[in-house]
Amino acid sequence: MKRVLSGIQPTGSLNIGTYLGSVKNFVKLQDTMPDYEFFIFIADLHAITVPKDKQLLRNKIRELAALYIACGLRPDRVNLYIQSEIPAHSQLAYLLQCNSYIGELERMTQYKEKSRKQETGVTVGLFTYPTLMAADILLYDPEFVPVGVDQKQHLELTRDIAQRMNNKFNDIFTVPNPLIAEVGAKIMSLSDPTSKMSKSDANEKARINLLDPENIIKKRIKSAVTDNLGTIKYDPENRPGISNLMTIYSVITNKSFDSIEESYEGKGYKEFKEDLGEIVFQELKPIQERYYELINSSELDDILDKGRDVAAKVAFKKIMKLNDRIGLGRKRRK
Ligand code: AMP
Ligand code: TRP
């Protein structure tokens with residue numbers, strides 16, 4: 001069966017920006033691509049390329065797995081697993097490193113940016129990150145890899161490495177295609193509507209996290225920056241604040257900007273924000289309920305065990321085959 005594969009880093013907090021802009025579309029794929037088998041994993045090995053607190057990392061890994069299921073990822077459609085539970089990821093990363101060049105890794109934009117920002121020592125892991133990502137992908141021969149635009153360069157490198165290894169080792173890998181997410185709405189910060197709502201923004205007021213309680217959700221919407229015109233009109237250039245709130249409204253309710261404007265004619269921000277607070281809360285409520293059901297349950301462990309078992313089998317086979325083609329170890333017995 002043809003495959004789709006993607007990884008998610010367990011860092012930061014999922015917020016309505018990532019949810020409406022990405023997670024929702026992602027979840028849609030499992031229904032719109034019924035002929036494909038899905039492999040989705042929590043990329044915890046990637047998270048430690050920069051230092052991480054032990055307990056925080058543990059919690060994030062589980063939280064993210066539970067949240068993706070709560071957002072609608074279906075365990076019967078998707079193999080969900082944790083990267084570090086499958087040793088083959090690290091094994092293949094090493095084999096790929098022996099077939100990649102320092103020059104091509106030095107060209108990676110994300111490495112250049114992250115290493116510049118890093119205050120203490122830059123680790124070798126941060127440098128070789130793209131080869132680990134290539135390993136994550138090539139182990140499973142997926143045809144498509146849904147990623148955000150920021151990961152496109154890493155995917156191009158993965159294709160280069162795959163083609164190079166195919167020439168050397170008799171077409172061992174499927175060359176994957178990026179599936180650049182259908183651009184969902186871009187949700188802006190609630191305190192500065194000219195910049196993106198970000199999971200790493202130090203200002204908590206800038207975003208609504210998926211697990212925020214009702215009173216916080218409503219408070220954040222209420223205190224969202226608008227302007228002093230007081231009318232509900234979509235005009236992102238001149239009135240980014242209210243336009244951003246209308247975008248959130250529109251994506252959740254599927255109502256057009258025209259029809260939102262119409263229904264709020266003669267009404268002000270107070271009423272609009274009260275309604276929007278309720279709309280966002282109602283959207284997140286079932287996700288939160290499902291999340292709290294899952295987070296400490298053995299159901300979540302069963303899902304992650306099953307995902308790991310299916311993935312580990314595929315991955316182990318690939319490693320054995322490649323070891324053999326490289327000439328490692330002993331010749332395989334027939
Ligand atoms: P990140 O976790 O920030 O790397 O983002 C993961 C995915 O969510 C990427 O595809 C981003 O484009 C998308 N995303 C993150 N923040 C937002 C936002 N505020 N609005 C829309 N999409 C977003
Ligand atoms: N590097 C990706 C990110 O930061 C996460 C990731 C790791 C990934 N391995 C992957 C995505 C393999 C797609 C395929 O978002």
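Note that ligands are numbered from 1 as they come in the structure, with each ligand's atoms numbered from 1 the same way. Here, residue 1 is the first one in the sequence, and each next residue gets the next number.
The shortest non-hydrogen separation linking I86 to A311 is CD1-CB, 3.4 Å.
No side-chain donor-acceptor contact under 3.5 Å links T128 to the backbone of T131. Under the 3.5 Å distance criterion, the side-chain polar atoms of K273 are matched with a main-chain donor or acceptor of A224. Here the side chain of K306 pairs a donor or acceptor atom with the backbone of P75 at under 3.5 angstrom. The backbone N or O of M246 lies less than 3.5 Å from no partner atom in the side chain of S250, so there is not a single donor-acceptor pair.
Using modelled atom types, one finds a donor on one side chain and an acceptor on the other under 3.5 Å when comparing Y269 with D227. Under the 3.5 Å distance criterion, with hydrogens and angles disregarded, no donor-acceptor pair is assigned to the side chains of E271 and Y264. A donor-acceptor contact closer than 3.5 angstrom is absent between the side chains of S13 and N15.
Between atom 6 (C) of ligand 1 and the options I180, T18, V23, the minimum heavy-atom separation is to T18. The residue among S198, S200, S22 with a heavy atom at the shortest distance from atom 9 (C) of ligand 1 is S22.
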Which protein N or O atoms sit under 3.5 Å from any N or O of ligand 2? Give atom names and distances.
| residue | atom | partner | partner atom | Å |
| --- | --- | --- | --- | --- |
| ligand 2 | 1 (N) | Y129 | OH | 2.7 |
| ligand 2 | 1 (N) | Q151 | OE1 | 3.1 |
| ligand 2 | 4 (O) | Q9 | NE2 | 3.2 |
| ligand 2 | 4 (O) | Y129 | OH | 3.0 |
| ligand 2 | 4 (O) | Q151 | NE2 | 3.3 |
| ligand 2 | 9 (N) | D136 | OD2 | 2.7 |

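Checking only distances, M188 never comes within under 3.5 Å of ligand 1, N or O to N or O.
The I187 neighbourhood of ligand 1 comprises atoms 18 (C), 19 (N), 20 (N), 21 (C), with distances under 4.0 Å to a heavy atom of that residue. Interface atoms of ligand 1 facing G148, defined by a heavy-atom separation under 4.0 Å, are 10 (O). Near K186, meaning under 4.0 Å from any of its heavy atoms, are these atoms of ligand 1: 20 (N), 21 (C).
Side-chain contact between Y234 and D258 is absent, with no heavy-atom pair separated by less than 4.5 Å.
Of all the heavy atoms of K199, the ones lying under 4.0 Å from any atom of ligand 1 belong exclusively to the side chain.
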